[in-house]
Every structure is written in structure tokens, then in C-alpha cells.
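One structure is given below, encoded as C-alpha cells.
Any value given below was found using the heavy atoms of this structure, including those in side chains, with hydrogens, waters and symmetry copies removed. Counting convention: from 1, in listed order, for ligands and their atoms alike. Keep in mind it's a predicted model, so treat the numbers as computed, not measured.
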Amino acid sequence: MTTPISAQPAHDDRASAAAASPVVLSPAGPADHWWQSAVIYEVYPRSFADGDGDGVGDLAGLIHRLPYIASLGVDGIWMTPFQPSPQVDQGYDVSDYCGVDPLFGSMADFERLLAGAHALGLRVLLDVVPNHCSSRHPLFQAALAAGPGSPERGLFHFVEGRSSSPEHPSDLPPNNWQSVFGGTAWSRANPGSETDTEWYLHLFSAGQPDWNWRNPAVGDYFDGVLRFWFDKGVDGLRIDVAHALFKADGLPDAPSESPVVDGLRSNPLVSDQEEVHEVYRRWRRLAEKYQPHRLLVGEVNLEPSRAARYTRADEMHQAFAFAFVKLGWDAAAWAQAGSELEEARLLHGAAPTWALENHDIVRTVTRFGGGDQGARRARAALAALLGLPGAAYIYQGQELGLPEVDVPVEARVDPMWARGGVTRDGSRVPLPWTEDPAGNHGFSTGPTATPPWLPLPDGWGDNAIESQQQDPGSALAFAARALALRRQLWADGTFTADDAGTWRLRAGNLLTCERSPRFLVAVAMGSEPVELPPGVVLFSAFPLEQEGWLQPDNAVWLRRS
Ligand code: BGC
């Protein structure tokens with residue numbers, strides 16, 4: 001159904017004269033394909049730096065700390081949502097796609113940020129959330145008010161419920177779909193009303209109604225959103241839950257045998273519908289109307305062979321390779337996952353886009369065992385990641401070797417905790433900038449320092465950026481060295497966009513990935529030292545104790561002799 005109402009975001013009146021920020025960057029890779037070699041740093045704005053002392057990170061704080069990001073040697077940043085939002089899901093519930101939430105600052109702040117980043121040679125990617133909006137979004141509010149059968153409701157999935165008995169019409173959700181955050185994926189539009197007995201679909205929290213992408217007005221609306229940010233000069237977009245925009249026609253029940261533990265992945269009816277690819281073809285055409293072309297990177301949480309279809313030549317440029325995120329410290333499993341990604345690359349052409357951490361995932365230090373061993377493995381894993389063929393994304397704090405924090409139950413705010421008993425708060429704790437506890441360990445630089453939105457644990461200052469900058473043995477110093485060498489190897493032609501990824505599990509749980517006959521990445525994932533293949537070690541996560549041998553939980557980049 002095509003709704004006659006206008007779904008265009010009203011943005012023109014807000015575009016300031018100084019809006020477009022020219023991109024003058026010298027990319028490490030081929031001019032038009034800078035993203036193929038790029039390392040992007042994910043900024044979670046509420047936890048990065050707080051410029052006004054209210055305990056929540058903001059754009060002013062980020063502007064102030066941009067030189068730090070540039071000093072890492074990354075190519076750009078991806079910022080998670082800062083648009084107006086009730087913050088039910090920390091900004092992934094957007095009520096105005098073309099604004100800035102006052103919690104984070106103003107549009108003028110964003111324009112300063114963009115110009116400042118570009119001046120430092122950093123690209124800026126934003127998050128776009130096209131699967132759902134906030135229940136406070138004016139179009140959803142209008143749909144609620146307009147009532148059943150209205151064109152306004154056609155922008156979302158409003159459906160009559162099932163009935164447990166003739167006396168209780170529509171008292172049950174329309175189908176058996178589960179929310180990713182736990183419980184049914186449906187809420188009553190107007191609880192208690194006898195005339196409005198419709199339910200609306202939300203794959204996440206009740207505050208995040210899903211758009212109905214079968215209605216062409218939704219596609220038109222998002223074209224406007226993309227144009228708004230591209231016109232401003234942003235370099236690209238990370239697409240949230242990119243595989244889920246279309247739901248199976250008619251919204252049938254999921255097969256009863258589907259487990260309900262992990263909503264999206266286990267329900268084939270809410271994910272990876274063929275129609276979604278047309279959206280990304282359209283967005284790619286739009287992105288290529290700009291100079292330089294704007295980048296599209298998708299959160300496509302599917303198995304490699306399916307995810308790779310989203311990066312066919314006329315769709316997105318990148319989709320995160322999440323394969324290793326689901327694995328422990330297990331060489332056989334990594335070799336298998338790596339080989340599957342390589343098969344997908346050979347089939348569809350785009351190299352994997354590596355990520356080991358983000359704001360939804362338990363930090364690697366903790367995932368790989370915690371303590372000193374977890375910290376060693378996290379560093380070795382990051383070394384491997386940066387040596388692999390393809391682009392890489394690192395998450396703020398990963399360069400510091402931060403562990404997951406066990407946030408006290410009473411302080412947890414993630415909606416997943418309330419609905420599903422799992423919290424992602426532990427990877428979102430504000431960064432420690434200074435050892436000195438003043439100003440929330442330097443996180444808050446404003447006139448006052450309100451306690452941060454998530455409490456900092458004892459000893460957090462031991463990870464401080466300021467101290468790590470002084471210590472050549474720190475996680476931070478290691479990350480900066482790896483990034484600098486990676487850049488150099490791209491510049492001198494050792495690394496190329498055509499490199500392959502031939503994965504092998506070798507004796508003693510030595511995992512290797514050969515990106516060309518001349519270059520190999522090796523990670524020792526067993527419990528004994530292992531002999532390395534012949535070659536010159538260009539880089540190691542930790543100093544080698546014996547030439548030609550790799551100690552457990554160390555990784556190297558090797559030039560083959
Ligand atoms: C984001 C999450 C968010 C969810 C719903 C995800 O993929 O990364 O943080 O809760 O989408 O928008």
C-alpha cells in the first residue's frame with residue numbers, strides 16, 4: 001500500500017549555510033577505494049568524552065579528543081546514534097533522523113566535529129537505523145492517533161491480534177515472533193481501547209516500532225535521511241540491523257521448531273528477505289552520486305555466505321564479518337570460520353570487514369578468559385585482525401585493552417537487561433582518560449563532574465589513556481605501532497586489495513592466514529610454544545622469546561622467505 005501522506009524528513013529548513021564540509025583526505029589505499037584498506041574507530045559518544053560535565057559523553061567532548069583518535073593512526077570514525085531520541089535503547093530509538101539530541105549538543109557542534117575530523121584526515125561515518133524508529137517519532141505518533149486502517153498506520157506493521165475466545169477479541173499477539181530483547185515482538189497500539197484493538201511490531205523494545213518497508217513511502221523517507229547527511233559531508237553510513245528491514249509477506253508464524261533465544265537469527269521470517277537487496281542497490285546509487293562516493297557498511301548478522309550477498313558490486317561496500325565474535329580462543333574454529341569467509345569472498349568479491357568488538361559485544365579481554373591471559377589474547381587477536389586482508393573496525397577502548405565491566409545490577413540501563421536478562425552495559429562504560437580520579441578519570445572535562453551515566457569500577461584509572469601514552473609496553477602503544485606498520489605495508493604494496501585469505505590450522509594449534517605467497521599472519525592458540533613457518537617477523541603482539549618460535553597467546557606478521 002502506498003500511503004498518500006508525506007514521509008519526507010523536514011530537513012531543508014535546518015540545513016545551515018556552512019553545512020557541507022569538503023573532504024580533503026589522502027587515503028592510504030587507491031583514491032576511490034580508501035575503505036578497502038581502512039581501519040575505522042567506533043565511537044560510542046555517550047562514553048567517549050563528556051565536554052559539559054553532565055556525566056554523559058557528547059559532541060563537544062569528542063571534538064576536544066579528536067587529536068587522540070588521529071594519533072592512533074586510524075582512517076576515520078563511526079559514531080553510534082546521537083540523533084534526538086528518548087534513549088530507550090541508548091539512541092537506537094531515533095525520534096528525528098536529521099537532528100542532534102540536546103544531550104549530545106547541537107547541529108552546529110556536529111558541523112564543527114565534521115570539519116575538525118576532516119582537518120585531521122579522519123572520515124566520519126554515522127549510524128542509520130532503518131529497521132525501526134522511536135515510538136516518539138512524529139510519524140509513529142501520527143499513526144497511533146490516526147487509528148486502524150489509516151494510511152498513517154501503513155508506514156508501520158499494525159495488525160489485529162488473535163483472540164483467545166470470542167469474548168476477548170485481539171487479546172493475543174498477531175503471531176509468535178519474539179523480540180530480540182526478549183518476550184513477544186508485539187505491543188498493543190492502544191492498550192485498553194475497545195475500538196482500537198491493533199498491535200504493532202517491534203523486533204527490539206516496545207519503544208522501537210518497525211518500519212514497514214513494503215510501503216514505498218518508507219524508502220522515499222530514508223532517501224531523504226541519507227541525502228541530508230551526505231549533503232552535510234559525512235563520508236558514509238553504518239546500517240543498523242541491515243538484514244531485517246523486510247519481513248515475510250503476511251507476517252506468518254515462525255516455524256515452531258525455531259529456538260526463540262536469539263530472535264533475529266533464529267526467525268527466518270524477519271531476516272534476509274530477498275526484497276531487502278533492492279534497498280541497498282538504491283542506496284549505493286545514491287551514495288555514488290556524491291564525490292567522493294559515500295560508504296555503506298552493514299550490520300548483517302548472517303552466516304558468511306548470506307552476509308556476502310549484501311556486498312555484491314552494486315550493494316553495500318562492506319558488511320561486518322562477525323564470525324570470530326562468536327568464537328572462543330579456538331584455532332580450529334577460527335580456521336573454519338576464516339575459510340568460510342574466504343569462500344564467500346571468492347563467490348561475491350568483497351573482502352571481509354573485520355570486527356572483534358563493538359558496543360553490543362563482551363570485550364575481547366573478558367571473552368578470551370579475563371585477567372592477564374585474556375589481555376594477552378585480546379592483544380594477539382587485534383594484531384591478527386590488523387594483518388588480515390580487508391578493512392577493520394575497532395571499538396573505543398579496545399586499543400586500551402579494556403575488560404568488560406560487571407556493572408552493578410541497580411546501575412544497568414540496557415533494555416536487553418530488563419526484557420531479556422542480558423546486559424551490554426559492561427562494554428559501554430566511559431573511557432578512563434586519566435589515572436587521577438578527578439572529573440570521572442578525565443572523562444568529564446566540563447565545569448562540574450556529575451557521576452557518569454554508568455559507574456566506573458574500582459581500578460578503572462589503571463587503564464588510563466594518559467598513562468598508556470607514556471608506556472611503550474602498553475596496549476595503546478602496541479595498537480598504534482600495529483596501525484602504523486599496517487599503513488606502511490599498504491603504502492609500499494605489501495598489502496593489496498586483491499590479497500586472499502588462506503586459513504590453516506597447523507600443528508600445536510597454530511592458526512595461520514596467508515594473504516599472499518609473501519605474507520602470513522600467525523596466532524599461537526595452543527598451550528605450548530610452536531615453530532613458525534620460515535620468514536622474517538615484521539611485527540609481533542609481544543616480543544618473541546626464541547627466534548623462530550611463537551609462545552602461546554602471541555601473534556606475528558611474517559614476511560615469507
Ligand atoms: C545495535 C544495538 C541496538 C540494536 C537495535 C543493533 O544492532 O548495534 O545496539 O540495540 O541494533 O537498534
Side-chain angles (χ1 to χ4, degrees), residues 40 42-48 57 77-95 97 101 125-137 140 156 177-183 185 201-211 213 222 225 237-245 247 262-265 267 270-272 276 296-302 307 310 316 318-322 325-326 353 355-363 393-396 398 404 407 412-429 453-454:
I40 304 290
E42 180 192 349
V43 173
Y44 193 70
R46 10 168 88 237
S47 299
F48 188 71
I77 59 173
W78 147 38
M79 298 170 66
T80 60
F82 53 79
Q83 289 77 6
S85 159
Q87 303 292 325
V88 166
D89 186 18
Q90 276 70 55
Y92 282 95
D93 48 318
V94 179
S95 55
Y97 285 87
D101 195 303
L125 312 184
L126 306 189
D127 225 306
V128 64
V129 187
N131 180 67
H132 47 267
C133 59
S134 160
S135 54
R136 306 300 310 166
H137 191 290
F140 188 76
F156 300 91
W177 294 359
Q178 297 289 297
S179 149
V180 177
F181 289 168
L201 176 69
H202 51 85
L203 291 186
F204 294 88
S205 76
Q208 295 165 291
D210 281 44
W211 293 101
W213 275 86
F222 275 94
V225 172
L237 296 171
R238 177 264 191 188
I239 305 160
D240 190 60
V241 208
H243 52 303
L245 310 194
K247 282 75 185 172
D262 181 8
L264 278 189
R265 279 174 68 77
N267 181 354
V270 301
S271 160
D272 202 23
V276 77
L296 302 174
V297 51
E299 185 199 31
V300 182
N301 203 351
L302 298 171
Y310 290 72
M316 301 172 191
Q318 302 178 324
F320 296 115
F322 287 129
V325 161
K326 303 183 168 83
T353 296
L356 278 173
E357 290 196 9
N358 69 29
H359 63 282
D360 294 330
I361 303 171
V362 174
R363 289 207 181 260
Y393 283 66
I394 57 179
Y395 174 46
Q396 67 179 42
Q398 189 176 356
E404 186 80 359
V407 175
R412 294 180 185 172
V413 295
D414 182 5
M416 210 163 170
W417 172 248
R419 284 183 71 98
V422 173
T423 181
R424 298 167 297 178
D425 293 316
S427 63
R428 301 174 176 179
V429 171
W453 70 282
L454 285 175

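Within ligand 1, the atoms closer than 4.0 Å to a non-hydrogen atom of Arg424 are 2 (C), 3 (C), 9 (O), 10 (O), numbered from 1 in the order shown. Of all atoms in ligand 1, listed by their number and element, those nearer than 4.0 Å to a heavy atom of His132 are 5 (C), 12 (O). Residue Arg428 has at least one heavy-atom neighbour below 4.0 Å for each of these atoms of ligand 1: 9 (O).
Looking at Arg238 against ligand 1, only its side chain comes within 4.0 Å, counting heavy atoms. When heavy-atom distances to ligand 1 are checked against a 4.0 Å cut-off, Phe181 comes that close only through its side chain, counted from C-beta outward. Contact annotation: for Met416 versus ligand 1, there are no heavy atoms closer than 4.0 Å. Counting heavy atoms under 4.0 Å from ligand 1, residue His359 touches it through the side chain alone.
Of the protein's non-hydrogen atoms, the one nearest atom 9 (O) of ligand 1 is Asp360 OD1, 2.7 Å. In this structure, the protein non-hydrogen atom closest to atom 11 (O) of ligand 1 is Asp240 OD1, 2.9 Å. Given atom 10 (O) of ligand 1, the protein heavy atom at minimum distance is Asp89 OD2, 2.6 Å.
Here the straight-line distance linking atom CG of Asp210 with atom CZ of Phe140 works out to 10.0 Å at 0.5 Å rounding.
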Point to revise | side-chain contact (heavy atoms from CB on, under 4.5 Å) between Val88 and Ser134, worked out | key: CA-CA 8 Å; Val88 166; Ser134 160; over 6 Å; no
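Between Tyr395 and Asp360, the side chains place no donor N or O within less than 3.5 Å of an acceptor N or O (distance only, hydrogens not considered).
The existence of a salt bridge linking Asp414 and Arg424 is confirmed by a sub-4.0 Å separation between a basic side-chain nitrogen and an acidic carboxylate oxygen.
Ser85 meets the side-chain contact (heavy atoms from CB on, under 4.5 Å) test with Gln87, Asp93, Asp101; sequence neighbours excluded.
The aromatic rings of His132 and Phe204 sit tilted, their planes meeting at an angle between 30° and 60°.
Checked by atom type and distance alone, the side chain of Glu42 never pairs as donor or acceptor with a backbone atom of Trp78 at under 3.5 Å.
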